[in-house]
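Below is one structure, written out as structure tokens; the observations come after it.
Any value given below was found using the heavy atoms of this structure, including those in side chains, with hydrogens, waters and symmetry copies removed. Nothing here was measured: the structure is a model prediction, and the numbers come from that model.
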Amino acid sequence: MQYIAHKDSDGTTQSVKEHLSGTADLAKSFAVNAFSNLAYNAGLLHDLGKYSSKFQRRINGEDIRVEHAISGAKEVELLYDKNKFFKQMLKSCIAGHHSGLPDGGSDVDLPEKATLSGRMKRKAEDFSAYKEEIQPKDLNTDEVMTYFNNCLKTRNLKEATELYAFMTKYLYSCLVDADFIDTEKFFEPNVQRGMKGDFKEALNLLNERLAKFSQDNEVRKGRSELQKQALENSYKSGDISILNMPTGSGKTLCSLKIALEQAIRENKKRIIYIIPYTSIIEQTAETFEGI
């Protein structure tokens with residue numbers, strides 16, 4: 001019997017095994033090395049509920065509702081009972097891969113609650129047929145634990161909790177992106193994804209724009225001097241640099257020139273701008289796009 005994960009309008013199908021394997025490989029490729037094992041397992045287990053006969057009836061046209069996401073979370077509970085530290089992370093990501101990361105809740109939550117604790121108490125359809133096709137891997141979390149070692153040594157529970165929350169969101173992002181893209185590949189195989197940029201050409205265009213700025217008054221001369229100083233200092237070694245320039249002095253374009261030159265010099269693939277306000281994000285993006 002073929003277990004179907006997705007069915008297109010023309011009758012073409014993608015098997016659950018194909019979808020789980022594809023999602024697992026993608027999730028692993030999205031994660032840093034320390035997280036690759038966790039990400040792979042999250043992808044491999046996220047749709048185990050689609051092996052239930054009830055889900056198969058639904059995808060073949062029967063008008064019934066099936067909660068399939070909780071099945072993988074329940075299997076994580078059984079498979080990785082000895083690794084309590086990371087199984088909670090996996091359970092949260094798998095249970096919420098469609099609806100968003102759930103609140104953890106508490107032990108007294110009833111099945112009707114949308115918390116992870118409540119949802120874990122719901123009865124799942126029999127999905128044991130997955131064992132015929134899917135072989136989950138052991139959790140290898142030694143490298144991930146190195147991130148927590150300092151927190152545990154200093155007993156800084158607040159920092160450890162924040163780090164755990166961040167890592168859960170990181171793993172969730174790897175899983176959700178992988179699930180979406182593998183599904184998209186089935187329904188729209190010709191869609192081209194990925195980012196690429198010609199940093200050298202971008203730098204040439206930026207330099208052309210900067211060369212057009214006149215220096216016909218003291219303010220513009222001062223702005224040019226500040227930018228020159230910032231660019232010269234950017235060549236000095238250091239992992240973090242602070243661009244401390246007043247409003248109107250050209251920080252945006254100056255930062256872009258520094259970033260492009262460094263990306264070219266160090267063969268980087270990405271330049272990431274993180275800005276606190278949407279309005280400034282849009283203004284910055286518009287400026288870069290115009291160039």
Side-chain angles (χ1 to χ4, degrees), residues 3-8 12-51 55 59 67-76 79-80 86-104 114 116 119 130 134 136-137 139-141 143-144 147 162-197 263 268-275 278 281 285:
Y3 295 91
I4 301 170
H6 301 113
K7 179 182 285 189
D8 208 345
T12 307
T13 62
Q14 180 189 38
S15 72
V16 181
K17 182 180 179 181
E18 289 170 338
H19 177 54
L20 294 183
S21 298
T23 302
D25 288 337
L26 282 170
K28 180 181 179 180
S29 72
F30 295 157
V32 294
N33 287 338
F35 263 81
S36 60
N37 174 268
L38 278 168
Y40 182 87
N41 278 299
L44 197 65
L45 302 174
H46 80 286
D47 269 353
L48 290 186
K50 292 186 176 182
Y51 276 101
F55 181 86
I59 203 163
E67 183 181 10
H68 70 273
I70 201 63
S71 300
K74 282 180 171 287
E75 197 66 4
V76 165
L79 289 170
Y80 307 123
F86 287 102
K87 78 173 183 180
Q88 192 75 5
M89 187 183 291
L90 276 171
K91 282 159 52 180
S92 296
C93 294
I94 290 172
H97 74 268
H98 283 304
S99 55
L101 282 171
D103 290 337
L116 180 62
R119 293 179 65 186
Y130 92 85
I134 302 298
K137 292 188 176 182
L139 284 190
N140 181 1
T141 56
E143 194 173 350
V144 181
Y147 289 100
E162 290 176 349
L163 183 58
Y164 192 88
F166 169 78
M167 288 184 170
T168 302
K169 291 179 180 178
Y170 175 78
L171 182 63
Y172 179 75
S173 176
C174 293
L175 171 60
V176 171
D177 281 1
D179 183 26
F180 180 92
I181 292 173
D182 186 77
T183 302
E184 182 185 57
K185 282 182 177 179
F186 167 69
F187 285 105
E188 299 183 60
N190 296 321
V191 170
Q192 297 295 316
R193 282 194 170 272
M195 294 189 294
K196 61 181 180 179
K268 298 293 184 182
K269 295 180 180 179
R270 304 279 186 270
I271 296 171
I272 301 172
Y273 270 77
I274 303 170
I275 304 173
T278 304
I281 292 173

Can a side-chain donor-acceptor contact be found between Gln14 and Asp182 if the only test is distance below 3.5 angstrom? yes
Test log, rule ring-ring contact (aromatic ring centres under 6.0 Å, His included), inputs His68 and His97: CA-CA 11 Å; His68 70 273; His97 74 268; 5.6 Å; yes
Quick one: does any side-chain atom of Asn37 pair with a main-chain N or O of Asn140 as donor and acceptor, under 3.5 Å? yes
Find out whether Tyr164 and Met89 are in side-chain contact, i.e. whether some heavy atom of one side chain is under 4.5 Å from a heavy atom of the other. yes
Verify the neighbour count for atom CZ of Phe166: are there more than 12 heavy atoms of other residues, nucleotides or ligands below 6.0 Å? no
Pair Tyr147-Met167, side-chain contact (heavy atoms from CB on, under 4.5 Å): steps then yes or no: CA-CA 10 Å; Tyr147 289 100; Met167 288 184 170; 3.3 Å; yes
Indicate yes or no: at least one non-hydrogen side-chain atom of Lys50 is less than 4.5 angstrom from one of Ile59. no
Any pair counted as ring-ring contact (aromatic ring centres under 6.0 Å, His included), so long as it reaches residues 169-193, sequence neighbours left out: His6-Phe187, Phe35-Tyr170
State whether a side-chain donor-acceptor pair under 3.5 Å links Glu75 with Tyr130. yes
Is there a side-chain contact between Leu101 and Thr168 in this structure, where contact means two heavy atoms from C-beta onward sitting under 4.5 Å apart? yes
Is there a side-chain contact between Leu20 and Leu48 in this structure, where contact means two heavy atoms from C-beta onward sitting under 4.5 Å apart? yes
Phe86 vs Val76 side-chain heavy atoms within contact, under 4.5 Å: no
Using side-chain heavy atoms (C-beta onward) and a distance below 4.5 Å, is Leu26 in contact with Lys185? yes
CG of Asp177 to CD of Glu184: how many Å apart, nearest 0.5 Å? 11.0 Å
Flag side-chain contact, heavy atom, 4.5 Å: Leu79 against Asn41: no
Going from OG1 on Thr12 to CD1 on Ile4, what distance comes out if it is rounded to the nearest 0.5 angstrom? 11.0 Å
Would you name the heavy atoms of Pro102 and Gly96 that are closest together and state the gap between them? CD-CA, 4.2 Å
Could you give the distance from CG (Leu116) to OG (Ser92), rounded to the nearest 0.5 Å? 4.5 Å
Side-chain donor-acceptor pair under 3.5 Å between Tyr40 and Asp25, yes or no? no
Please report the interatomic distance CG(Leu90) to CG(Leu139), rounded to the nearest 0.5 Å. 6.0 Å
Say whether, by atom type as modelled, one donor and one acceptor occur between the side chain of Ser15 and the main chain of Glu18 under 3.5 angstrom. yes
What's the separation between atom OG1 in Thr183 and atom NE2 in His19, rounded to the nearest 0.5 Å? 4.0 Å
What's the verdict on side-chain contact (heavy atoms from CB on, under 4.5 Å) for Ile134 and Tyr51, showing C-alpha distance, side-chain angles and the deciding distance? CA-CA 11 Å; Ile134 302 298; Tyr51 276 101; 3.6 Å; yes
Do side-chain atoms of Arg119 reach the backbone of Ala95 as a donor and acceptor pair under 3.5 angstrom? yes
Determine, step by step, whether Tyr80 and Leu45 satisfy the side-chain contact (heavy atoms from CB on, under 4.5 Å) criterion, reporting the C-alpha distance in whole Å, the side-chain angles of both residues, the deciding distance to 0.1 Å, and the verdict. CA-CA 12 Å; Tyr80 307 123; Leu45 302 174; 4.0 Å; yes
Before we go on, tell me: are the rings of His98 and His46 under 6.0 Å apart, centre to centre? no
Measuring only between side-chain heavy atoms, which start at C-beta, is Ser173 closer than 4.5 Å to Phe30? no
Taking everything shown except Asp8 itself, do over 12 heavy atoms lie less than 6.0 Å from its CG? yes
Value for CG (Leu38) from NZ (Lys28), rounded to nearest 0.5 Å, stands at 12.0 Å
